[in-house]
Visitor: 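Got a structure here, written out as structure tokens. Questions coming.
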Amino acid sequence: MVSSTNEVRRTVQERPVVVVGRPECCLAVVARHLLLRQGVNPAVLEVSYDADPAALVYALRAKDDNTKLVTDVALPVVFVGGRLLGGLDRLITMHIAEELVPLLRQAGALWL
């Protein structure tokens, strides 16, 4: 389990694909398995139950992202290429629309 936003930020910057969720979260497992089926081995970070997901996502947003703090953020969230992709619903939507693989290639998570 990660203990700080800095630890999550470092992993998001270093790894092409990161799933951030709660310990033993079934939705994080689904996100991980969907990515594994695409040929990507994402880093999976577990944050404590008392962590505020909205504050975490806000702290990890890109420096050029001027969006305000959103309060309805739910974990798990997926980062691709250092940027917030969204939650499991966004991941599945991109997969169904066949937009996920090109994005994963662009982020350097897939070679073929």
Side-chain angles (χ1 to χ4, degrees):
M1 187 170 328
V2 294
S3 59
S4 71
T5 302
N6 288 335
E7 194 174 343
V8 176
R9 179 180 290 117
R10 185 177 62 247
T11 304
V12 166
Q13 291 171 347
E14 292 173 356
R15 299 288 303 265
V17 181
V18 180
V19 177
V20 180
R22 304 265 188 224
E24 302 174 15
C25 173
C26 63
L27 298 177
V29 171
V30 171
R32 180 178 176 268
H33 281 277
L34 191 152
L35 291 163
L36 285 170
R37 295 288 307 249
Q38 303 309 306
V40 174
N41 187 16
V44 179
L45 300 177
E46 295 179 341
V47 295
S48 66
Y49 287 103
D50 60 348
D52 179 9
L56 176 72
V57 168
Y58 184 75
L60 295 173
R61 75 192 189 291
K63 293 191 186 309
D64 61 350
D65 185 352
N66 294 323
T67 58
K68 295 179 181 174
L69 180 63
V70 179
T71 57
D72 62 348
V73 174
L75 294 177
V77 291
V78 179
F79 291 87
V80 177
R83 293 187 157 276
L84 175 66
L85 176 69
L88 180 60
D89 57 340
R90 178 77 174 128
L91 183 68
I92 291 172
T93 300
M94 290 192 73
H95 172 63
I96 291 170
E98 298 182 0
E99 298 170 349
L100 183 58
V101 170
L103 181 66
L104 295 170
R105 283 190 183 125
Q106 183 182 9
L110 290 175
W111 295 97
L112 300 174

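Computed from a predicted model, the values in this text were never measured in an experiment.
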Visitor: Of all the heavy-atom pairs spanning Ala43 and Arg15, show the shortest one and how long it is.
Guide: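 Here Ala43 and Arg15 meet closest at CB-NH1, 3.6 Å.
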Visitor: Any side-chain heavy-atom pair from Tyr49 and Pro23 closer than 4.5 angstrom?
Guide: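 Yes; the side chains approach each other to less than 4.5 Å.
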Visitor: Following the transitive rule for hydrophobic clusters with a side-chain heavy-atom cut-off under 4.5 Å over Ile, Leu, Val, Met, Phe, Trp and Tyr, establish whether Ile92 and Val77 coincide in one cluster.
Guide: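 Looking at the clustering, Val77 is in a separate group from Ile92.
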Visitor: Are Leu91 and Val101 joined in one hydrophobic group, where the rule is that I, L, V, M, F, W and Y side chains link up if heavy atoms are under 4.5 Å apart?
Guide: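 Shared cluster, yes.
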Visitor: Looking at residues at least two apart in the chain, or sitting in another chain, which of them share a side-chain contact (heavy atoms from CB on, under 4.5 Å) with Arg9?
Guide: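 By the side-chain contact (heavy atoms from CB on, under 4.5 Å) rule, Arg9 matches Thr5, Asn6, Gln13, Ala59, Leu60.
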Visitor: Check residues 103-111 and write down every donor-acceptor pair under 3.5 Å in which the side-chain atom is one partner and the other belongs to a residue at least two apart or another chain.
Guide:
{"residue": "Arg105", "atom": "NE", "partner": "Leu112", "partner atom": "O", "Å": "2.4"}
{"residue": "Arg105", "atom": "NH2", "partner": "Leu112", "partner atom": "O", "Å": "2.8"}

Visitor: Applying the 4.5 Å side-chain criterion to the ILVMFWY set and letting contacts propagate, would Met94 and Leu84 be lumped into a single cluster?
Guide: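 The answer is no; the residues belong to distinct hydrophobic clusters.
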Visitor: Among the clusters formed by ILVMFWY side chains lying less than 4.5 Å apart, do Val80 and Val8 turn up in the same one?
Guide: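 Per the 4.5 Å side-chain linkage, Val80 and Val8 are not co-clustered.
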Visitor: Spell out, as yes or no, whether a donor-acceptor pair under 3.5 Å connects the side chain of Arg22 to the backbone of Pro76.
Guide: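 Not a single qualifying donor-acceptor pair exists.
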Visitor: Restricting to non-hydrogen atoms, name the atom on Gln38 and the atom on His95 that form the minimum distance, rounded to 0.1 Å.
Guide: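 Of all heavy-atom pairs spanning Gln38 and His95, the closest is NE2-CE1, 3.1 Å.
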Visitor: Going by side chain to side chain contact (heavy atoms under 4.5 Å, CB included), Val19 matches just one of Val29, Leu27, Leu45, Val78. Which one?
Guide: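 Among Val29, Leu27, Leu45, Val78, the one meeting side chain to side chain contact (heavy atoms under 4.5 Å, CB included) with Val19 is Val78.
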Visitor: Do Leu35 and Val18 sit in one hydrophobic cluster, given that two such residues count as connected whenever their side-chain heavy atoms are within less than 4.5 Å of each other, even indirectly?
Guide: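 Not linked; separate clusters.
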Visitor: Which heavy atom of Leu85 sits nearest to which heavy atom of Arg90, and what is that distance?
Guide: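 Heavy-atom minimum between the residues: O-CG, 3.2 Å.
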Visitor: For the CG atom of Leu100 and the CG atom of Leu34, what is their distance to the nearest 0.5 Å?
Guide: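 Leu100 atom CG to Leu34 atom CG measures 6.5 Å (nearest 0.5 Å).
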